[in-house]
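I have placed the structure first, in the form of structure tokens, so that the comments after it can refer back to it.
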Amino acid sequence: MERESLWDHYMKKGMSRRSFVKGCIALTSLMGLSTDMVIKVVEAAEKTPLPVVVWIHGHECTGCDESFIRSGSPLASDLVLNEIALEYDHLLSAACGEPFEAHLDKTIQQYKGKYILAVEGATCTKDNGVYCMSGGHTFSHLLQKASAGAAAVVAYGSCAAYGGIQAAKPNPTGSSGISQFIGNAPLVKVPGCPPIPEVMTGVIMHIALFGSIPPLDNDGRPKQFYGNRIHDTCYRRPFFDAGMFAETFDDKGAKAGWCLYKLGCRGPETYNSCGNLRWFQGMSYPIQSGAPCIGCSNANFWDEDPLLTRMPEYGPLGNVDKIGAAAAGAMAVGVAAHAVVSVAQKNMKEAKELAEKKGE
Amino acid sequence: MKHVVVDPITRIEGHLRVEAQVDEATGKVTDALSSGTAWRGLELVMNGRDPRDAWAYIQRICGVCTTAHALASVRAVEDALGIKIPKNANYIRNIMAATLTVQDHIVHFYHLHALDWVSPVEALAADPIATANLQTTVLNAYRVHLAGPTSNWNTEAYPHDFPAATPQYFQAIKDKVKAIVESGQLGIFAAQWWDHPDYKLLPPEVHLLAVAHYLEMLDKQRELVTPHVVFGGKNPHPHYVVGGMPCSISLEDGNAPINTARLDIVDRAINMGRTLVNYYYLPDLLAIGATYVRAGRVDGGGMAKERVLAYGMYPMEDYQGTSEKSTGGFFKNLLVRCNGVVENFGAGVANATFTEITAKDMQDPEVFTESVEHAWYAYEKSDSDKLHPWDGQTKAKYTGPKDGTPTEWKALNEQGKYSWLKTPKWRGKLAEVGPLARYIIIYTKSAKGLLQNPTWAETFMLNQIQAVSNLLGLAPEVWLPTMVGRTAARALDCQLAAEINKFFFDKLIANIKSGDTAVCNMDRFDPATWPKSAMGVGVYEAPRGGLSHWIHIENGKTKNYQCVVPTTWNACPRDDQAGQGAYEKAMMDTHIAVPDKPLEIAKVIRSFDPCMACATHMYNAKGEKIGVITTDPFGGTRVE
């Protein structure tokens, strides 16, 4: 993802210094700056610019934008002013209307093949996309136009990744995740409703710091943020293993912070960073605040309802109901099953260490 | 005559387009149109779902006013099922609500609205020493010295988030802005009409001060919502539960969702909110607003002069029901009794009238209705029919633009249908909602002697209005129903919410101290205890104005779910009998200096804090066959 300056670009195209300066003068007036700024603009155009990010909105609720600006590290101000050039974003951009749309066209032209496209929201496919219009055009048109020259596309939130709430049955507008509508640009999926703030900024920071998209799993999610189930990293996991559950909201188990599995918690099948990063830099996550996980980073979680129904009654895990059963015998089975896995893992680790030791 | 289009309107939530006919000679807007240009059909998604899950789904209407729809939803379900929530749950929900209001208003002013008033380009001409002096002047001249009730737990020793007033600080900010402008990559500051004459109204130092605070508040706003993270597990989109709150309280369990250490996080955020609004937001806004008012800019009122509406806010204690059939406890128990409609405020408070909104009104099919004459929906009988939300019906009927194609618009058809928003009405009339409405209503009620034994919060509001009137040297009837007044009322609402936050936090502590730790009433959680059929309504004064959710539960499932949302009231398309909505009227009451650069249009629209995803929604299309697209990442996309 190497970036070239405007001057590099002109040289590559075999264009003259004269036409470069003329371009800079046009740019100066486009930016609404006075003519005495031309020199500065020429200087800037000769330097390597910040990574350009274009952020577009389809069928969404702006919760992902809001989550993005909740990031504690990096702070949104540092990111937006120092690490990237956020040239188009409906929430934060100063401009609007015609000049804003013209700026988008200019940006995707000028940085063709080099900008990052962030997409928030699903794309609407029914009736040629007329249920999601912006700037007098359909969002599906904008998505096609903006993804064509993108170096990479970041699908922010479960809507862009999988279709989200509006794609839940009966999906009145034919909404869908964006993956099939962005051509060949590499796609990073950052699901969640919304994703954790530091996961959202982390993906962009990775690109800014390392110059590449972060390592992805088979589904296109960054491994560093979606590699674990919440269940695997949940601070209440020991209570699950011990068969200690809240039976209803606000009962003794709920007050004591026991496992919420029986209240429908989706932690055991949800890949996200809620258990390890948590929200607001370790402050909490739904389970810590007594609320069962609704699996908001899963592909079709809105249609895996009722949300308060515990997992084996809908979930893909098979019948692990025995773990949750109140009968002491069944509980022992659950505990024993976990213990077996843990022991096996421990043995493997020890065997590996032993082998390494021998190899020295 | 020039046809002006602004699409997209940015620095708002969602997809909004406005069009205006501007007389170039006079700068007068002769007609204006406001269109919500996207529709997601979320209420249709609600059908058949478990009503106890409704809050999670419907909260996704909007991530900016996150919590608002969840709160209205649990209230609607509890009204339908006759559930009374515990005291602690009521206090915590009020803290959730006030927290949202404080954070949302601050973000609106600094990050969504400020760049209509101030410019980073103008800030480049500022003198850092003069800016530091200006900060002192602003704090001396524009603070509103008011506080809520005396607290038993004043935990903040001094204001920790005090504005810096040193030349070095402003020099550093100026250097950063300069570096951005000179880099040629303006990022979020690109392509605005920075040469618009409005940006010359304020001296460069005000621009630099405001840009500095824009950045500071961008860093701070996240810390204001930590009560959502503590009580609801995350923000945006914290968790709720029908019957109360999920966050159990225990002072004996180290693993409890809520204990002393967790409450301390909430306390810190509440104190911070009070400091930020008192030392940054209100002084900054009043300094800017006063300059505009002194320059004669008292336009942009529109509908605010004719009719404003609110439902009332902050139930003091645990209560049962919103509608009359469920005892209407909500309306008997309000900290701010702004439940009502004020008409004709623009003609002076003596000529204005007040009509109360009661629990009975919520179920009267004549009081709250919606029409679709100019919305892209069709009613079974006539599009002019006025249907109560519980009987609502809609079928999408997209008719495209007047000029252009269905997928490429040039001009929308003001004669026909032109928006995905319906037209909500109160007794057949349109109204403006929002903080401005709440302040106009309380002021009018007081002036007419209708505010018996005012609560501390109501007195606080009257004192705020008095303080601003003294500062501007104008009567409330003059400055309130204007664009500046709408923006100022939001800042006053923020100051009020910051004190209300502290008030309910103190109540929560006192109640826990008394030994009551209950947060959830599970008596009617089991659907086996529910009636076969039940209707409910939940109301909430959201940051953007009165919000109502309406649910019909049948056989344990959601049969019909509907929302009448603040931005639907304000941004709705016109009605052939009732006339134009608040956005359209506000634009027509706004002078445009440069029709090619209609900054004033964007500014007056943003003074409402638009939230389009909230406003556009579809009602129950009964018995209609809908195409289903399944988007399974493993199974592929298929259409049924």
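Lettering follows sequence order; numbering is per chain, from 1. If you're wondering where the values come from, they're calculated on a predicted model, not measured in any experiment.
Neither the backbone nor the side chain of B:Asn521 comes within less than 4.5 Å of any heavy atom of chain A. Only the backbone of B:Ile12 has a heavy atom closer than 4.5 Å to any heavy atom of chain A. For chain A, no part of B:Ser119 is nearby; none of its heavy atoms comes within less than 4.5 Å. When heavy atoms are compared at a cutoff of 4.5 Å, B:Val64 approaches chain A by way of both its backbone and its side chain. Contacts between B:Gln221 and chain A at a heavy-atom distance below 4.5 Å involve the side chain alone, from C-beta outward. When heavy atoms are compared at a cutoff of 4.5 Å, A:Asp65 does not approach chain B at all. Proximity to chain A (any heavy atom under 4.5 Å) is shown, for B:Leu412, by neither the backbone nor the side chain. Of the atoms belonging to B:Gln103, it is side-chain heavy atoms, and not backbone ones, that fall under 4.5 Å from chain A. Of the two parts of B:Arg11, the backbone and the side chain both hold a non-hydrogen atom closer than 4.5 Å to a non-hydrogen atom of chain A. With a 4.5 Å cut-off on non-hydrogen atoms, A:Val80 touches chain B through its side chain but not through its backbone. For chain B, the nearby parts of A:Glu60 are the backbone and the side chain; heavy atoms of each come within less than 4.5 Å. For a residue to count as touching a neighbouring chain, one of its non-hydrogen atoms must lie under 4.5 Å from one of that chain's; by this rule B:Leu112 touches chain A with the side chain only. With a 4.5 Å cut-off on non-hydrogen atoms, B:Ala190 touches chain A through its backbone and its side chain both. Contacts between A:Cys274 and chain B at a heavy-atom distance below 4.5 Å are absent for every atom of the residue. In this structure, the portion of A:Tyr88 lying under 4.5 Å from any heavy atom of chain B is its side chain and not its backbone. Within the 4.5 angstrom heavy-atom criterion, no atom of B:Tyr240 approaches chain A. Of the two parts of A:Leu81, the backbone and the side chain both hold a non-hydrogen atom closer than 4.5 Å to a non-hydrogen atom of chain B.
By number of non-hydrogen pairs under 4.5 angstrom with chain A, the leading residue of B:His111, B:Arg17, B:His237, B:Arg49 is B:Arg49. For chain A, the option among B:Asp253, B:Ile188, B:Leu16 with the highest count of heavy-atom pairs below 4.5 Å is B:Ile188. Between chain B and the residues A:Leu307, A:Leu263, A:Thr138, the most heavy-atom pairs under 4.5 angstrom are made by A:Leu307. Note on A:Arg70, A:Gln166, A:His137: by heavy-atom pairs under 4.5 Å with chain B, the leading option is A:Arg70. Your options are B:Pro120, B:Ala256, B:Gly244, and the one with the most heavy-atom pairs under 4.5 Å with chain A is B:Ala256. The choice from B:Ala56, B:Pro86, B:Cys65, B:Pro238 that makes the most heavy-atom pairs within less than 4.5 Å of chain A is B:Ala56. In terms of heavy-atom pairs under 4.5 angstrom with chain B, the leader among A:Gly129, A:Cys124, A:Pro197, A:Ser71 is A:Ser71. In terms of non-hydrogen atom pairs under 4.5 Å with chain B, the most contact-rich of A:Ala291, A:Gly135, A:Gly257 is A:Gly135. When each of B:Ile249, B:Val229, B:Thr405 is scored by its heavy-atom pairs under 4.5 Å with chain A, the top score falls to B:Val229. When each of A:Thr248, A:Leu308, A:Asp89, A:Asn128 is checked for heavy-atom pairs under 4.5 Å with chain B, A:Leu308 comes out on top. When A:Pro99, A:Ala76, A:Ala161 are compared by the number of non-hydrogen pairs under 4.5 Å with chain B, A:Pro99 comes out ahead. Ranked by non-hydrogen atom pairs under 4.5 Å with chain A, the options B:Val519, B:Leu115, B:Ile265, B:Val6 are led by B:Val519.
Defined by atom type and a distance below 3.5 Å, a donor-acceptor pair is present between the side-chain atoms of A:Asn82 and B:Lys176. A side-chain donor-acceptor contact under 3.5 Å links B:Trp376 and B:Thr399. Judged purely by distance below 3.5 Å, without hydrogens or angles, the side chains of B:Gln59 and B:His69 never pair a donor atom with an acceptor atom. Between the side chains of A:Ser175 and A:Thr173, at least one donor N or O lies within less than 3.5 Å of an accepting N or O.
You'll find the side chain of A:Asp251 stays beyond 4.5 Å of the side chain of A:Trp258, heavy atoms only. Between B:His196 and B:Lys603 the shortest side-chain heavy-atom distance does not fall below 4.5 Å.
A:Glu98 is linked by a side-chain hydrogen bond (donor to acceptor under 3.5 Å, both in side chains) to nothing, counting only residues two or more places apart in sequence or in another chain. Evaluation of the salt bridge (Lys or Arg N to Asp or Glu O under 4.0 Å) rule for B:Arg52 yields B:Asp50 as partners, not counting sequence neighbours.
A side chain to side chain contact (heavy atoms under 4.5 Å, CB included) with B:Pro257 holds for exactly one of B:Cys247, B:Ser250, B:Pro246; it is B:Cys247. Among B:His228, B:Arg262, B:Lys234, the single residue meeting the side-chain hydrogen bond (donor to acceptor under 3.5 Å, both in side chains) criterion with A:Ser284 is B:Arg262. Here the options are B:Thr37, B:Ile9, B:Asp7, the test is side chain to side chain contact (heavy atoms under 4.5 Å, CB included), and the partner is B:His15; only B:Thr37 passes.
Of the possible donor and acceptor atoms, none in the side chain of B:Arg606 sits under 3.5 Å from a partner among the backbone N and O of B:Ala114. In this structure a side-chain-to-backbone donor-acceptor pair under 3.5 Å is present from A:Ser67 to A:Pro195.
A:Met244 contributes atom CE, which lies 12.0 Å from atom CZ of A:Arg236 (distance to the nearest 0.5 angstrom).
No close placement of the B:Trp39 and B:Tyr398 rings is indicated, their centers lying 6.0 Å or farther apart. Ring centroids of B:His239 and B:Trp55 are separated by less than 6.0 Å, placing the two rings close together.
Using a 30° and 60° split on the angle between ring planes, A:His57 and A:Trp55 fall in the parallel class, below 30°.
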